[in-house]
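These notes are about the structure you will find just below.
The chain is numbered in sequence order, starting from 1.
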Amino acid sequence: MKKTLTFAVLHFSVAFSLAYLLTGDIIIGSLIAMTEPMVNTVAFYFHDKVWQRNKLLRVALQAPSKKTLSFAVLHFSVAFLVTYLLTGDAFIGGLMATIEPSVNTVVFYFHERFWQRKQNIQFSLQCHHHDLQQHGQELSEAPLEKNALSA
């Protein structure tokens, strides 16, 4: 859930900045910035769940760009639909659908890489911790040398 929440914060920030710049209206910009990221955050959650399946997870770990591309398509669709419904303007919907997901796709890529590194570090630490426990057990079970007894 932490991963989804950090994604939401980044997404809200980008969406508000761009929506306000495109509309010049703080109310409409705020509505777009609140609605579009909320819909995309829910979509992100389910998108991520689908990619956690074994076969897709291997693809995502080997090539995060494929997972990023699939989310970009979803994101473009949501951005256009939400902006169009709130403004009634297909041109602004098209601009928002082009610019906002493009920026967020780059943000998403680095967000995904950050979480992959964090997951790899945790896995590495767990393995290292296990190795230390095993090494400690091996040392405690090893017979004492004659030199150690005579000292």
Side-chain angles (χ1 to χ4, degrees), residues 1-140:
M1 194 60 157
K2 288 180 184 179
K3 183 178 178 183
T4 301
L5 291 175
T6 59
F7 173 76
V9 169
L10 292 170
H11 197 148
F12 280 105
S13 301
V14 170
F16 176 76
S17 300
L18 292 173
Y20 177 70
L21 288 172
L22 288 174
T23 64
D25 185 327
I26 198 157
I27 301 297
I28 295 294
S30 295
L31 283 171
I32 292 169
M34 293 301 291
T35 307
E36 193 272 344
M38 282 193 293
V39 172
N40 266 315
T41 299
V42 172
F44 170 82
Y45 177 79
F46 289 107
H47 178 265
D48 208 46
K49 286 291 186 191
V50 169
W51 276 90
Q52 291 300 318
R53 294 182 181 158
N54 286 338
K55 185 176 181 181
L56 289 175
L57 182 59
R58 284 191 296 273
V59 171
L61 291 173
Q62 292 172 354
S65 58
K66 289 181 181 180
K67 183 177 178 182
T68 301
L69 182 62
S70 74
F71 184 71
V73 171
L74 177 64
H75 195 158
F76 280 95
S77 303
V78 169
F80 175 80
L81 186 61
V82 167
T83 303
Y84 175 71
L85 290 175
L86 289 173
T87 65
D89 189 328
F91 180 71
I92 291 177
L95 282 175
M96 189 69 172
T98 302
I99 298 168
E100 193 269 347
S102 297
V103 171
N104 270 316
T105 297
V106 172
V107 169
F108 175 83
Y109 178 80
F110 288 106
H111 181 262
E112 189 65 22
R113 293 297 306 255
F114 169 82
W115 282 96
Q116 283 182 357
R117 285 188 183 125
K118 184 177 178 182
Q119 189 176 30
N120 286 340
I121 288 170
Q122 288 174 343
F123 178 75
S124 179
L125 288 175
Q126 287 172 351
C127 288
H128 183 67
H129 177 71
H130 176 72
D131 290 345
L132 286 176
Q133 285 179 333
Q134 185 177 358
H135 183 65
Q137 185 178 9
E138 289 168 357
L139 287 176
S140 67

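- Under the 4.5 Å side-chain criterion, counting only non-hydrogen atoms from C-beta, L18 is not in contact with I32.
- Residues A19 and G29 come closest through the heavy atom pair CB-O, 3.4 Å.
- Counting heavy atoms from C-beta outward, F108 and L10 have side chains that stay 4.5 Å or more apart.
- With a 4.5 Å cut-off on side-chain heavy atoms, H75 and E36 count as touching.
- For Y84, the OH atom counts as loosely surrounded, since its 6.0 Å shell holds 12 or fewer non-hydrogen atoms of other residues, nucleotides or ligands.
- Taking CD1 of I26 as the start and CG of L31 as the end, the distance is 11.0 Å to the nearest 0.5 Å.
- Once rounded to the nearest 0.5 Å, the distance linking CD of E100 with CG of N40 reads 6.5 Å.
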What do the steps show when you test F12 against M34 for side-chain contact (heavy atoms from CB on, under 4.5 Å), and what is the final call? CA-CA 7 Å; F12 280 105; M34 293 301 291; 4.1 Å; yes

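- The aromatic rings of F44 and H111 sit perpendicular to each other, their planes meeting at more than 60°, with 30° as the lower class boundary.
- To the nearest 0.5 angstrom, R113 atom CZ is 9.5 Å from T68 atom OG1.
- Looking only at side-chain heavy atoms (C-beta outward), W115 and F7 stay at 4.5 Å or farther from each other.
- Expressed to the nearest 0.5 Å, how far CZ of F16 lies from CG of L21 amounts to 9.0 Å.
- Shortest non-hydrogen contact noted between A15 and A33 is C-CB, 3.8 Å.
- Note that CG of L22 is 8.0 Å distant from OG1 of T83, once rounded to the nearest 0.5 Å.
- Taking all atoms of both residues into account, the shortest heavy-atom contact from D25 to I28 is OD1-N, 3.3 Å.
- Sorted by first then second residue, the salt bridge (charged side-chain N to carboxylate O under 4.0 Å, His left out) pairs that include residues 2-20, not counting sequence neighbours, are K3-D48, K3-E112.
- Across all their heavy atoms, S17 and S13 have their closest contact at OG-O, 3.0 Å.
- H47 and S70 make their closest contact through NE2-OG, 2.6 Å (heavy atoms, listed as atom of the first residue, atom of the second, distance).
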